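Keep in mind it's a predicted model, so treat the numbers as computed, not measured. The figures here come from the full heavy-atom set of this structure, side chains too, leaving out hydrogens, waters and symmetry mates.
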Amino acid sequence: MNGDVNMLLGEPSLPPEEVREERKRKLTAAFRLFGKFGFDEGVAGHITVRDPVEEDHFWVNPMGVSFKQLRQSQLLLVNHAGEVVEGDGFLNGAAFTIHSHIHRMRPDVVAAAHAHSLYGKAWSSLGRLLDPITQDACAFYDDHALLETFSGVVLEMGEGEALVQALGQKKALILQNHGLLTVGKSVDEAAWWYITMERSCQAQLLAEAAGTPKLIEPEVAIRTRAVVGTELAGMFSFQPLYDTICAEQPDMFD
């Protein structure tokens, strides 16, 4: 790329209150995109972003509100004790268990996304990591993990701890018999990793239904990940989607 791309990383030097507003806008847009792509399944699914003012708090969607209709004003601010300190609505117990552990144990994570999207949960039932069969899938080469047990809805704190232990320092997690989870240093990054991981699950399911996919060599997969799997790549890849959904659905910021 021409120019200094490093200036695109991180958040601008704005007052924390303005950073909060921008994170909430991105979070709301991410929900609308997840709704547009059909990632919703009843009340399942949640995306969170760490609050820049109260860093032991995070913003999350209220349970029972459609991704397709969520407005920024409906977001809940939750602390690590599970208390809703701002906003009206019900807090999803699984959302708290999963995301409170991630935000507490991964201080580098600003945002995390989890949903029960069709291809992600279909792939998760196989109990396998994704293979490097496409350029896009290389973003996750040796940078995603598998939680190999399913013990029901993630409501117990011990289950949240097991999830974060399985995730380690990686960007994504396949929850066996459950679905996908991605994290990032911005809403942009976490949302994009989820979207492209879901599509990579779809691509591998289709490829294996047709035959035996040819794997990309490990050294090539690593080189490719260094281009398509970076923080910058995740952030930048989200921008066209963000601009489109903002133009299509400006009502979400009411």
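In this structure, Q169 and D108 have side chains that are in contact, with non-hydrogen atoms separated by less than 4.5 Å. The side-chain heavy atoms of L173 and L146, taken from C-beta on, include no pair separated by under 4.5 Å. Within the 4.5 Å cutoff, the side chain of M197 has heavy atoms near those of the F140 side chain. Residues T244 and Q239 are not in side-chain contact: their nearest non-hydrogen atoms beyond the backbone lie 4.5 Å or more apart. Side-chain contact between V183 and L167 is present, with heavy atoms from C-beta onward closer than 4.5 Å. Using a 4.5 Å cut-off on side-chain heavy atoms (C-beta onward), W192 and L241 make contact. The shortest side-chain heavy-atom distance between P62 and L70 falls under the 4.5 Å cut-off. Residues F67 and I47 fail the side-chain proximity criterion, which asks for heavy atoms closer than 4.5 Å.
Listed here is the closest heavy atom pair of L175 and L180: CD1-C, 4.3 Å. A191 and A30 get closest at one heavy-atom pair: CB-CB, 4.1 Å. Taking each heavy atom of A207 and I133 in turn, the nearest pair found is CB-CD1, 4.1 Å. For the pair L181 and I102, the tightest heavy-atom approach, listed with the atom from each and the gap, is CD1-CD1, 3.7 Å. Heavy-atom minimum distance, V228 versus A233: O-CB, 3.5 Å. Considering all non-hydrogen atoms of both residues, I216 and C138 come closest at CD1-SG, 3.6 Å.
Counted by atom type alone, Q74 and Q69 present zero donor-acceptor pairs between their side chains at under 3.5 Å. A donor-acceptor pair shorter than 3.5 Å can be found between the side chains of D131 and Q204. Side chains of S117 and E198: a donor-acceptor N/O pair is present below 3.5 angstrom, by distance only.
For the atom pair SG (C201) and OH (Y119), the distance works out to 11.0 Å, reported to the nearest 0.5 Å. D88 CG to S73 OG: the interatomic distance, rounded to the nearest 0.5 Å, is 10.0 Å. The NE2 atom of H57 sits 12.5 Å away from the CG atom of L76 when rounded to the nearest 0.5 Å. Taking CG of D136 as the reference point, atom OG of S237 lies at 8.5 Å (rounded to 0.5 Å). From L163, atom CG reaches atom CE of M105 across 10.0 Å, with rounding to the nearest 0.5 Å.
The backbone N or O of G82 sits less than 3.5 Å from a side-chain atom of N79, completing a donor-acceptor pair. Between the side chain of E189 and the main chain of K185, a donor-acceptor pair closer than 3.5 Å is present. In this structure, H144 contributes its side chain and K171 its backbone to no donor-acceptor pair below 3.5 Å. Between the R50 side chain and the E55 main chain, a donor and an acceptor come within less than 3.5 Å of each other. One N or O on the side chain of S100 and one on the backbone of F96 form a donor-acceptor pair closer than 3.5 Å. Counting only distance, with no hydrogens or angles, the side chain of T196 and the backbone of W193 share no donor-acceptor pair below 3.5 Å. The backbone N or O of A172 lies less than 3.5 Å from no partner atom in the side chain of T182, so there is not a single donor-acceptor pair.
Between R128 and E208, at least one side-chain nitrogen of the basic residue sits less than 4.0 Å from a carboxylate oxygen of the acidic one, meeting the salt-bridge criterion. Ion pairing of E22 with K26 is present here, as a side-chain N (NZ or NE/NH1/NH2) and a carboxylate O approach within less than 4.0 Å. E248 and R32 are not joined by a salt bridge, as no carboxylate oxygen comes within less than 4.0 angstrom of a charged side-chain nitrogen. Contact check on D188 versus R23 returns no salt bridge, with no Lys/Arg side-chain nitrogen under 4.0 Å from an Asp/Glu carboxylate oxygen. Between E41 and K121 there is a salt bridge, since at least one side-chain N of the basic residue sits less than 4.0 Å from a carboxylate O of the acidic one. In summary, K170 and D143 do not engage in a salt bridge, as defined by a charged side-chain N under 4.0 Å from a carboxylate O. A salt bridge links K68 with D40: the closest approach of a Lys/Arg side-chain nitrogen to an acidic carboxylate oxygen falls below 4.0 angstrom. Between R20 and D51 there is a salt bridge, since at least one side-chain N of the basic residue sits less than 4.0 Å from a carboxylate O of the acidic one.
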- Message: Run Q72 and R25 through side chain to side chain contact (heavy atoms under 4.5 Å, CB included) and show every step you take.
- Response: CA-CA 7 Å; Q72 183 174 328; R25 284 180 63 87; 3.2 Å; yes
- Test log, rule side chain to side chain contact (heavy atoms under 4.5 Å, CB included), inputs E54 and D56: CA-CA 6 Å; E54 303 286 347; D56 58 349; 4.1 Å; yes
- Task: Could you walk me through whether H116 and H114 pass side chain to side chain contact (heavy atoms under 4.5 Å, CB included), step by step?
- Result: CA-CA 7 Å; H116 295 182; H114 167 64; 3.4 Å; yes
- Give the intermediate values and the outcome of ring pair (Phe, Tyr, Trp, His ring centres under 6.0 Å) for residues H103 and H101. CA-CA 6 Å; H103 287 293; H101 280 86; over 10 Å; no
- Message: Pair V78, L91 - check side chain to side chain contact (heavy atoms under 4.5 Å, CB included), show working.
- Response: CA-CA 8 Å; V78 180; L91 172 62; 3.9 Å; yes
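Put simply, the residue from I245, N61, L75 that forms a side chain to side chain contact (heavy atoms under 4.5 Å, CB included) with T28 is L75.
Residues M63 and V85 fall into different hydrophobic clusters, defined by Ile, Leu, Val, Met, Phe, Trp and Tyr side chains chained together at heavy-atom separations under 4.5 Å. Cluster annotation: Y141 is not connected to L126 through the hydrophobic network of ILVMFWY side chains, with a link wherever side-chain heavy atoms come within less than 4.5 Å. Linking ILVMFWY residues whenever their side-chain heavy atoms come closer than 4.5 Å, directly or via other members, places V65 and F31 in the same cluster. W59 and V43 fall into different hydrophobic clusters, where Ile, Leu, Val, Met, Phe, Trp and Tyr residues are linked whenever their side-chain heavy atoms come under 4.5 Å apart, directly or through other members. Taken together through direct or relayed side-chain contacts under 4.5 Å among Ile, Leu, Val, Met, Phe, Trp and Tyr, L215 and W123 form parts of separate hydrophobic clusters.
By the 30° and 60° cut-offs, the orientation of the rings of F150 relative to H178 is perpendicular. F58 and H80 have tilted rings, their planes meeting at an angle from 30° to 60° on a 0 to 90° scale.
Sorted by first and then second residue, the ring-ring contact (aromatic ring centres under 6.0 Å, His included) pairs involving residues 194-218 (not counting sequence neighbours) are F34-Y194, F39-Y194.
Atom CZ of F90 has 12 or fewer heavy atoms from other residues, nucleotides or ligands within 6.0 Å. Heavy atoms from other residues, nucleotides or ligands lying under 6.0 Å from OH of Y242 number more than 12.
Ring to ring, H99 and H46 are close: their centroids are under 6.0 angstrom apart.
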